[in-house]
Amino acid sequence: MRCVKVTLPDGTDLELPDGASGADAAAAIGAGLARAALAVRQNGEVRDLARPLVPGEPLEIITPKTDGALEIIRHDAAHVLAAAVMELYPGVKISIGPPIENGFYYDFEFPPGVTVSDADFARIEQKMREHINADERFVREDVMVDEALQRFRAEGQDYKVELIEDLVRDADRDHPVEAVSLYTNGPFTDLCRGPHAPSTKRIKAVKLQSVAGAYWRGDSERQQLTRIYGTAFFSKDDLAQHLERLEQARARDHRKLGRELELFMFSELSPGSPFWQPAGMAIWNELSKLWREENRRRGYREVKTPILYDVDLFKQSGHWDTYRENMYFTDVEDRPMGLKPMNCPAHIQLFKDDRRSYRDLPIRYSEQGLVHRHEPSGTLHGLLRVRHITQDDAHIFCSEEQIRDEVVGCLEFGFFLYDLFGFEPRLELSTRPAKRIGSDEIWDRAEAALRDALDARALSYEINAGDGAFYGPKIDLHMTDSIGRSWQLGTVQLDYSMPERFDLHYTGADDADHRPVMIHRALLGSFERFIGILVEHYAGEFPLWLAPVQAIVLPIADRHAEAAGGVLEALRDAGLRAELDDRTESVGRKIRDAELRKVPYMLVVGDREAESGAVAVREHRIGDSGSEAASDVVARLAEKSVRRER
RNA sequence: GCCGACGUAGCUCAGCUGGUAGAGCACUUCACUCGUAAUGAAGGGGUCCGCGGUUCGAGUCCGCGCGUCGGCUCCA
């Protein structure tokens, strides 16, 4: 008899009869494994348990404990969801339903007039559980394209028809698509590449989470579908733990902490524009100070430019053509004017104010530039997406030869700043977008220059094709917020176009005119977004140097007011942000309030301390560390703050 | 901008099927003068997001608008 031979992860070989499946292999190894098995992995590909093994390839049996196993049952759960929805909503059209990072979704087009909201989740989940408890098998069949098309057409499943047609059309010429795979679970059959677990009962816990609109094929010109998000796990405990983690993540949401710690607020009177309260402004100012010091150290010179301009400026810069929709305009004595959405045209005016020599280059202007962008209403998000944006901007005017060093300098500056906060940003290189200005040769050169700079530092990065600015490619630094969403912070953008449009030039050593190149860079991105990320990163427990209130003096009784006042004064004289809690409350109460405000240091003054010029030091989260001379404590904190210790 | 949900005191939230609003915290006052996460008592505080409509009567039902939240698209 012929055999298939496969190698197991521990190096042993397994021989099975010809045509044996993954399930057979699992059973041959052990009954427990056979029960736990979900799928197999061979040569990097995850396949159904029921499919014949590929002879000669290493074999790994996937069980709930295997990395990536959740993805399988989440995909299963998406199919179960679709099955339930099709039963409950006759006439619904299905599109796609993949597993995603923490769960799965399925996109549907409901019949006209039918809406689904989270109020419907209970009965959909109920129906899903029926299918799960019925332990329905996932059955794969491979059918010819024509047959599949006929089948989905007959059912009026237009999206499936389009998917198959596109599969055929987009196929590699050498490997035309002749057949597609269908998976059936219970009453439901879906076009699907697989793989799936053997049956629905492998899903031990499932929960629908939210409903959202999503455009078909991600195209806002096309039909908007209803997306139902859910998640699934191998146990109810795992699900409960996951929900608990989400809850904890919400506790560090900067919008919540911003209100609780009185850092900033928002008002309906100016959507997307933060109002900074004193505590938030303290953080802003520290960041600002850091930014100034480091810019100066690196040869930047700070400038300040207007926010309101004649629209002619934006016609020349190209913003009028490409960005008008997102700008704010007004008429001033019948003269059309607009708020700048970017600082570059302003800095260009500074550059043009004089004849420039190659000896002047690079010219580095920095500015905390206030720009306004009319971000669509649905996209605003606390400090992370605002309309009133203070960029930590800079523009470098340099010669083409200087590009690499300047870009490397920007990146190193960025990493210096991020290191200070313990951030590990993700790098992306974004290349030419469809809507752009400038010739292809220019884009070729610009993209190559950025790649060189990244390679020069051996930095790893992702390519984000087509996501560059309309005037040039860029390198972006991305960070993740408390619930895993990615936000762009820093950016370094190369621009050959703007100097062209504004006819910038400098005199070279050859006494001829040359065109400078512009580098746009923001490292924090914007103060707003960066502080939002900072709040979530520290969960509001800022290091001493950033803390809005660095130390609070807590007198035990009224008679300690004078001594406490002296400590407050000493702290303030040392340059620290300090407060005195002289309410007629118990120390316990004062400590509790200070802890909740996440004040790093609480300095308690009672009889013992008042007498000897001491304070009892209590550090946030750490606790009482005993009495010390007030002057020593003040000096120590001042030193620690100046050093920006983490 | 699009889809769905939500909008009640400064904050967090209750308010059943329509009958002119409640709690806790915060705030004010008084008493207490306190040793490391809440002292006690009393009191003040609401255009129930806005505008229309239905109704004898709307926080509650309907429409429109604004804002917020979760996504989608977008993010120079």
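Lettering of chains follows the sequences in order, A, B, ..., and the numbering in each one begins at 1. Values below: every heavy atom of this structure, side chains too, minus hydrogens, waters and symmetry copies.
Which of B:U39, B:C66, B:U73 sits closest to the side chain of A:Ser586 comes down to B:U39. Nearest to the side chain of A:Glu268, among B:A5, B:G71, B:G67, sits B:G67. Among the nucleotides B:A5, B:G35, B:C74, the one closest to the side chain of A:Asp118 is B:A5. Nearest nucleotide to the side chain of A:Thr379, out of B:G35, B:A37, B:C74: B:C74. The side chain of A:Glu585 approaches B:U39 more closely than any other nucleotide in the set B:G35, B:U39, B:U73. The side chain of A:Arg385 approaches B:C74 more closely than any other nucleotide in the set B:U73, B:U68, B:C74. Residue A:Ser117 has its side chain nearest to B:G4 when only B:A37, B:G4, B:G71 are considered. Ranking B:U68, B:C75, B:G1 by closeness to the A:Pro271 side chain, first place goes to B:U68. Of the candidates B:U33, B:U36, B:C75, B:U36 carries the atom nearest the A:Val604 side chain, counting heavy atoms from C-beta on.
Between A:Met602 and the options A:Lys590, A:Glu619, A:Arg618, a side chain to side chain contact (heavy atoms under 4.5 Å, CB included) holds for only A:Arg618.
Atom CZ in A:Arg583 sits about 13 Å away from atom P in B:U29, given to the nearest Å. For the pair A:Tyr105 OH and B:G70 P, the computed distance is 19 Å after rounding to whole Å. Residue A:Asp582 contributes atom CG, which lies 18 Å from atom P of B:C32 at whole-angstrom precision. Per the geometry, CD1 belonging to A:Ile100 stands 10 Å off P belonging to B:G71, to the nearest Å. Atoms CG (A:Leu596) and C1' (B:C11) sit 13 Å apart, rounded to a whole Å. For A:Asp219 and B:U73, the CG to P distance is 10 Å, given to the nearest whole Å. Between the CG atom of A:Leu380 and the C1' atom of B:U68 there is a distance of 10 Å, given to the nearest Å. One atom, CG of A:Leu246, and another, P of B:G70, lie 12 Å apart when rounded to the nearest Å.
For a distance-only test at 3.5 Å, the side chain of A:Thr584 qualifies as a donor-acceptor partner of the base of B:C32. You won't find any donor-acceptor pair under 3.5 Å spanning the side chain of A:Tyr229 and the base of B:G4, going by distance alone. One can find a donor-acceptor pair under 3.5 Å joining the base of B:G35 and the side-chain atoms of A:Glu609.
Phosphate contact (OP1/OP2 of B:G4, side-chain N/O of A:Thr115, threshold under 4.0 Å): absent. For the OP1/OP2 pair of B:C3 and a distance below 4.0 Å, the side-chain nitrogens and oxygens of A:Arg227 include no atom meeting the criterion. Contact between the side-chain N/O atoms of A:Arg589 and the OP1/OP2 oxygens of B:U36 is not found at any separation under 4.0 Å. The side chain of A:Arg559 contributes an N or O atom lying less than 4.0 Å from OP1 or OP2 of B:C34. Within the structure, a side-chain polar atom (N or O) of A:Arg485 is placed less than 4.0 Å from OP1 or OP2 of B:G71. Using a 4.0 Å cut-off, some side-chain N or O of A:Arg259 falls inside it from OP1 or OP2 of B:U12. Residue A:Arg255 places at least one side-chain N or O under 4.0 Å from the OP1 or OP2 atom of B:C69. Between B:G35 and A:Arg592, no contact under 4.0 Å exists linking OP1 or OP2 to a side-chain N or O. OP1 or OP2 of B:C34 has not a single side-chain nitrogen or oxygen of A:His560 nearer than 4.0 Å.
B:C27 and B:G43 make up a base pair, with Watson-Crick or G-U wobble contacts both under 3.5 Å. In this structure, B:G52 forms a base pair with B:C62, meeting either the Watson-Crick or the G-U wobble geometry with both donor-acceptor distances under 3.5 Å. With a 3.5 Å ceiling on both atom-pair distances, the Watson-Crick or G-U wobble partner of B:C13 is B:G22. Summarising the base pairing, B:C34 is matched to no nucleotide, lacking a Watson-Crick or G-U wobble pair whose two defining distances lie under 3.5 Å. If you check B:C69 for Watson-Crick or wobble pairing at under 3.5 angstrom, you find it paired to B:G4.
Looking at A:Asp392 and A:Arg529, no side-chain N of the basic residue comes within less than 4.0 Å of a carboxylate O on the acidic one, giving no salt bridge. Electrostatic pairing of A:Asp503 and A:Arg515 counts as a salt bridge here, judged by a charged N lying under 4.0 Å from a carboxylate O. For the pair A:Arg426 and A:Glu428, the salt-bridge criterion is met [side-chain N within less than 4.0 Å of a carboxylate O].
Nucleotides of RNA chain B nearest to A:Asp607 and A:Gly378 differ in position, and the one nearer the 5' end is that of A:Gly378. Between A:Phe266 and A:Gly218, the residue anchored nearer the 5' end of RNA chain B, judged by the nucleotide with its closest heavy atom, is A:Phe266.
Among the protein residues, A:Ala594 comes within range of no part of the nucleic acid, since none of its heavy atoms lies under 4.0 Å from any strand. Residue-level contact check: A:Ala214 touches the backbone only, with heavy atoms under 4.0 Å from sugar-phosphate atoms and none from bases. Within 4.0 Å of A:Ser210, counting heavy atoms only, lie sugar-phosphate atoms of the nucleic acid but no base atom. Within the nucleic acid shown, A:Lys474 comes within 4.0 Å of sugar-phosphate atoms alone, with no base atom in reach, counting heavy atoms only. Using a 4.0 Å heavy-atom distance criterion, A:Gly606 is classed as a base contact.
If you take atom P in B:G53 and the same atom in B:A9, they sit 25 Å apart, rounded to whole Å. Nucleotides B:G7 and B:U47 are separated by 15 Å at their C1' atoms, to the nearest Å. Atom name P, nucleotides B:G67 and B:A23: the rounded distance is 33 Å, in whole Å. Between B:G22 and B:C62, the two C1' atoms lie 27 Å apart (nearest whole Å). Comparing the P positions of B:G46 and B:U8 gives an interatomic distance of 16 Å, to the nearest angstrom. B:U54 and B:U60 have their P atoms separated by 15 Å, given to the nearest Å. Between B:G70 and B:C30, the distance separating the two P atoms is 44 Å to the nearest Å. If you take atom P in B:G65 and the same atom in B:G4, they sit 13 Å apart, rounded to whole Å.
Between A:His79 and A:His75, the ring-plane angle classifies as perpendicular under the 30° and 60° cut-offs. Between A:His520 and A:His395, the ring planes are perpendicular. Angles over 60° get that label, and only those under 30° would be called parallel.
Here the side chains of A:Glu541 and A:Arg621 are in contact, with some heavy-atom distance below 4.5 Å. Using a 4.5 Å heavy-atom threshold, the side chains of A:Val553 and A:Asp581 count as separate.
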> Can you list the steps and then say if A:Glu447 with A:Lys474 is a salt bridge (charged side-chain N to carboxylate O under 4.0 Å, His left out)?
Replying inline: CA-CA 8 Å; A:Glu447 287 169 4; A:Lys474 55 180 187 163; over 6 Å; no
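A distance-only check finds no donor-acceptor pair linking the side chain of A:Arg373 to the backbone of A:Asn326 [under 3.5 Å].
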